[in-house]
Amino acid sequence: MSSIPLADVPVADREDLARFILVEKHVRRDGSLPEIKAVAFLPYKHVELSVTRHRDLQADELWALGQQVADMRQLPLVGRGDLTTNVPRQQGLDVVPAEGPGKGARNHANIVGWPSEKAAQMVKALELAAAAQFVKYSQAA
Amino acid sequence: MSSAWAASDEKAALRSEIDELMMDCVNDDWDGHGATATSNTAYAAAQRFVAALPTGFKMPEVSVDPDGFFAFEWRRGARRTVLVSVHPDFTLHYAALVGTSRHYGDEPFFNRLPSTLEKLVEHLYSL
């Protein structure tokens, strides 16, 4: 993992982002699409959605950050939803570097620019869910 | 072509899922991202919504939103979906992707499924 700070490095359109999934029921296990339910992409309580930039991370390092998040919340790490930055941007949202907790602080980012009306948030969450790729967590990863 | 009108009544199973979710999400931060716990009023609103689904209507999936309210989703694919969030203030917030078209808005809910939503779901299953 690089130690160069990312807080001042804008998030590029092609950067990959991860939304860690800590609730088993947020994932569809019957093979139907989208695999991750839209409710996992709804912003709350602040009108922003916390994500992790893949940038400069090996797969095991990315999973370690997810495990850290899960451990802090005392929830199981189920997997992650991956999407590229241009997906939220195509929905009129933006992705900005942000302060984060613990070792993941360097790669933390927020999806921002959400409308305040819930229905308008929901349609954007549906779009993110439709584009996201679910990656299941495996202890051996 | 499938229909929005299912042959059998699956409301009992849906109610059972709501009960299970109510238990799963009884504490704040149940999703690890700061979610609010479900409440008795949210639970009652969800049960009213299920009761309002017309007999034989296709049953949706149920989830809990991070604000602690119950959400129902009819879905035939990633871009064929209708999502409805049920708030105890007698409001339904909805969003839908139906092919390339998008729909969203709010509808008052007084124990009858609004025709806007009934038509959206029927359209979803008519494609």
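Nothing here was measured: the structure is a model prediction, and the numbers come from that model. Naming: A, B, ... by sequence-line order, numbering from 1 per chain.
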Note: A:Asp16-A:Arg55 ion pair, threshold 4.0 Å (strictly below)
no

Note: A:Arg28-B:Glu73 ion pair, threshold 4.0 Å (strictly below)
yes

Donor-acceptor under 3.5 Å (A:Glu61 side chain, A:Gln58 main chain):
yes

Mind ranking [options] by heavy-atom pairs under 4.5 Å with chain B and telling me who comes out on top?
| options | result |
| --- | --- |
| A:Lys45, A:His46, A:Gln121 | A:Lys45 |
| A:Ala125, A:Ala130, A:Ser50, A:Pro43 | A:Ala130 |
| A:Gln74, A:Lys25, A:Glu127, A:Lys124 | A:Glu127 |

Spell out, yes or no, whether [X] and [Y] are grouped together once hydrophobic residues are joined by side-chain heavy atoms under 4.5 Å, including indirect joins.
| X | Y | value |
| --- | --- | --- |
| A:Leu6 | A:Leu57 | no |
| A:Val95 | A:Leu49 | yes |
| B:Val50 | B:Tyr43 | yes |
| B:Val64 | B:Leu14 | yes |
| A:Leu93 | A:Val51 | yes |

So what's closer than 4.5 Å to chain A heavy atoms on [X]: side chain, backbone, both or neither?
| X | result |
| --- | --- |
| B:Arg75 | side chain |
| B:His87 | side chain |
| B:Val82 | neither |
| B:Ser63 | side chain |

Between B:Tyr94 and B:Tyr104, is the ring centroid distance below 6.0 Å?
no

Flag the pair B:Phe49 / B:Phe70 as yes when their ring centroid distance falls below 6.0 Å, and as no otherwise.
no

Show your working on salt bridge (Lys or Arg N to Asp or Glu O under 4.0 Å) between B:Lys58 and B:Glu10 and close with a plain yes or no.
CA-CA 8 Å; B:Lys58 193 82 168 177; B:Glu10 297 168 291; over 6 Å; no

What verdict does the salt bridge (Lys or Arg N to Asp or Glu O under 4.0 Å) test give for A:Arg106 and A:Asp56, after you've listed the backbone C-alpha separation in whole Å, the side-chain angles of each residue and the deciding distance to 0.1 Å?
CA-CA 10 Å; A:Arg106 179 178 179 276; A:Asp56 302 331; 2.9 Å; yes

Residue, of B:Ala35, B:Ala78, B:Ala71, B:Gly34, that accumulates the most heavy atom pairs under 4.5 Å with chain A
B:Ala78

Scored by heavy-atom pairs under 4.5 Å with chain A, the best of B:Asp29, B:Leu83, B:Asp67 is B:Asp67

For the residue pair A:Tyr137 and A:Gln67, confirm or rule out a side-chain donor-acceptor distance under 3.5 Å.
yes

For A:Trp114 and A:Val47, work out which heavy atoms get closest and say how close.
CB-CG1, 3.1 Å

Filtered by a 4.5 Å non-hydrogen cutoff, the part of residues 77-87 of chain A contacting chain B is none

Neighbours of chain B found in residues 32-42 of chain A - heavy atoms under 4.5 Å
A:Ser32, A:Leu33, A:Pro34, A:Lys37, A:Ala38, A:Val39, A:Leu42

Can you tell which part of [X] gets under 4.5 Å to a heavy atom of chain B, answering side chain, backbone, both or neither?
| X | result |
| --- | --- |
| A:Ala129 | neither |
| A:His26 | side chain |
| A:Glu117 | neither |

Tell me whether B:Asn40 at atom CG has more than 12 heavy atoms from other residues, nucleotides or ligands lying less than 6.0 Å away.
no

